[in-house]
Amino acid sequence: MSVINNVQMQSEHPLMSFARKIADCFESSVEIWQLTHDWVQQFTVGEAPYPSDQCDVHFYIRKSQNDSEPFLLSLDDDRTLFLFPVEVETRFKTVAVGISRLSQTDLLRILLKQDSQLQRLEERNESQASQIDLYAAQVTADFEEMTWLRALADQLGNCTVERSLNSLAESALELLGDLIHCRSVALITPELGTSNQLELFVQSWGEEINEESCRELVKHWKKSESSVPVVCNDGIIPNSDIRCPAGIQSYILTALMKDGKTYGWVAALNKKITGQIRTHFHDQMDSASELEFGTSEATLIRSTANILATHAKNLDLFEQRQELLIGIIRTMMNSLDAKDPYTCGHSDRVAQYARIIAEKMQLSDEECNDIFVTGLVHDIGKVGVPDHILKKPGQLTKEEFAEIKKHPEIGYNILKNLDAFAYVLPGVLHHHESVDGSGYPYQLKGDEIPLMGRILAVADAYDAMTSTRPYRDGMPVKKAVSILLEGAGTQWDKVCVDAFLDGMQQILEITIESDQQKDHYLKKYPTRAHALQSEINSVQAAVKAATFV
Ligand SMILES: [Fe+2]
């Protein structure tokens with residue numbers, strides 16, 4: 001039998017209040033004794049004249065001070081001496097002592113009844129406490145999930161739509177691994193342009209995950225119309241008798257699905273088991289959650305996958321739009337090539353050269369791509385130049401050249417109302433400016449010329465010099481490079497010319513493969529590699545010669 005305990009706090013001293021209740025319930029007098037330096041009477045209700053010949057109360061108190069059970073003694077006058085320890089949150093041992101008019105049997109019955117009521121109360125309290133713990137854990141889990149989703153939404157809000165999933169995952173998934181308490185998180189996406197090659201981004205903490213194992217996991221994923229996560233905690237692929245791939249003991253895997261299309265998969269791998277009590281919400285759950293992936297983790301993975309799938313779809317739409325735009329641009333440029341077949345391929349090559357220069361200048365992927373597209377359209381204004389001038393095989397008159405010089409502004413006016421092409425306008429308008437102010441249309445100088453214009457000017461000049469025209473052969477690469485070096489700092493931006501030289505090998509690979517030059521090089525050299533090496537040597541000689549000058 002457990003002792004009567006948990007004295008409730010009230011306005012009067014709790015032990016006094018307790019004594020009153022006992023006196024009332026037991027039809028008795030009651031004294032509360034505490035062991036300070038010795039047993040001292042503290043609170044009294046009623047008088048309890050102990051028959052000295054029958055009981056020495058001090059004797060019984062001392063006798064029972066180490067007992068946790070009530071002590072009952074029938075006295076000669078049909079009264080009963082009772083004594084039981086009271087649990088209070090003090091450092092003093094405390095007992096209630098009294099003499100009741102009730103018989104020992106009646107007292108025992110009351111004690112039992114009180115005790116069972118208390119037990120029920122305790123059980124109910126424990127159940128409520130456990131419910132509160134669960135609610136608290138759930139609230140914490142919800143809060144952490146909300147924090148994570150908000151962080152992910154912020155990442156999405158702050159990133160441009162063309163940011164790749166892997167790039168997003170790199171900065172976002174670390175927090176997810178911490179929340180889910182797993183050893184690795186993987187984002188698996190189909191490789192660009194392929195349907196069965198898989199690209200992986202894996203973030204691990206304290207283990208190395210075999211990428212092939214991740215690919216194998218995806219192969220076991222049953223393709224379905226839902227993105228319900230698959231949860232495995234026993235090392236066996238669910239709904240099969242196949243063991244998990246090497247290095248994977250447990251996992252949650254779900255697909256990034258949007259409108260019926262699968263953009264990839266996200267997986268939490270290998271539940272981290274520490275056995276330590278942490279403040280993390282999962283550790284407040286039952287012990288199973290410490291060992292296994294559960295509903296909370298699966299929900300979090302699914303929410304993450306839904307958000308990433310939405311981003312993937314936006315990315316998909318953005319790429320489709322970009323492809324459409326590039327297609328339109330190429331169509332426009334083809335119509336220009338048809339108008340002037342001798343410059344055929346010029347825009348394509350300028351676009352590629354300009355991108356190489358931009359890459360060598362360490363510009364961002366986005367800027368390099370913008371410069372490439374601008375290179376494709378830089379001469380679009382030539383559609384507005386009369387055919388007889390554009391196709392004239394010989395030297396142009398002053399008036400004819402004035403007409404040609406209008407093409408940057410014509411191109412600008414053609415494109416200026418297309419919002420999607422706004423970024424190409426500076427390059428289109430200023431690709432014929434010179435850093436010394438001798439160019440056109442606005443005679444801008446140095447850094448007044450937009451960077452795109454300065455880069456395109458170098459790429460454009462190199463291709464113009466090395467391309468064959470009906471009235472002249474293309475200039476040798478060595479000669480063209482010498483002219484660029486000579487004009488660096490006057491006609492062309494020196495930084496852009498230096499970047500051009502840095503990318504010379506890639507540029508030459510494009511030059512010798514161009515439709516115009518291919519035949520020339522094939523006649524002159526036994527292989528493409530010989531042609532490339534020869535041109536590299538000649539360019540190095542040109543650079544060396546320019547350096548000594
Ligand atoms: Fe031009």
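Every number for a ligand or one of its atoms is a count from 1 in the order of the listing.
- Here the CD atom belonging to Glu448 is positioned 13.5 Å from the OH atom belonging to Tyr442, to the nearest 0.5 angstrom.
- The side chain to side chain donor-acceptor pair (under 3.5 Å) test applied to Asp348 returns Arg330, not counting sequence neighbours.
- Partners of Lys261 under the salt bridge (charged side-chain N to carboxylate O under 4.0 Å, His left out) rule, at least two apart in sequence or in another chain, are Asp316.
- Checked against His378 for a ring-ring contact (aromatic ring centres under 6.0 Å, His included), the options His407, His346, His432 give a single hit: His346.
- Sorted by chain and number, the protein atoms of type N, O or S within less than 2.8 Å of the Fe ion (ligand 1) are Asp379 OD1, His407 NE2, His431 NE2, His432 NE2.
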Determine, step by step, whether Tyr462 and Tyr353 satisfy the ring-ring contact (aromatic ring centres under 6.0 Å, His included) criterion, reporting the C-alpha distance in whole Å, the side-chain angles of both residues, the deciding distance to 0.1 Å, and the verdict.
-> CA-CA 9 Å; Tyr462 169 77; Tyr353 296 150; 5.1 Å; yes
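- Annotation: salt bridge (charged side-chain N to carboxylate O under 4.0 Å, His left out) contacts of Glu367 (sequence neighbours excluded): none.
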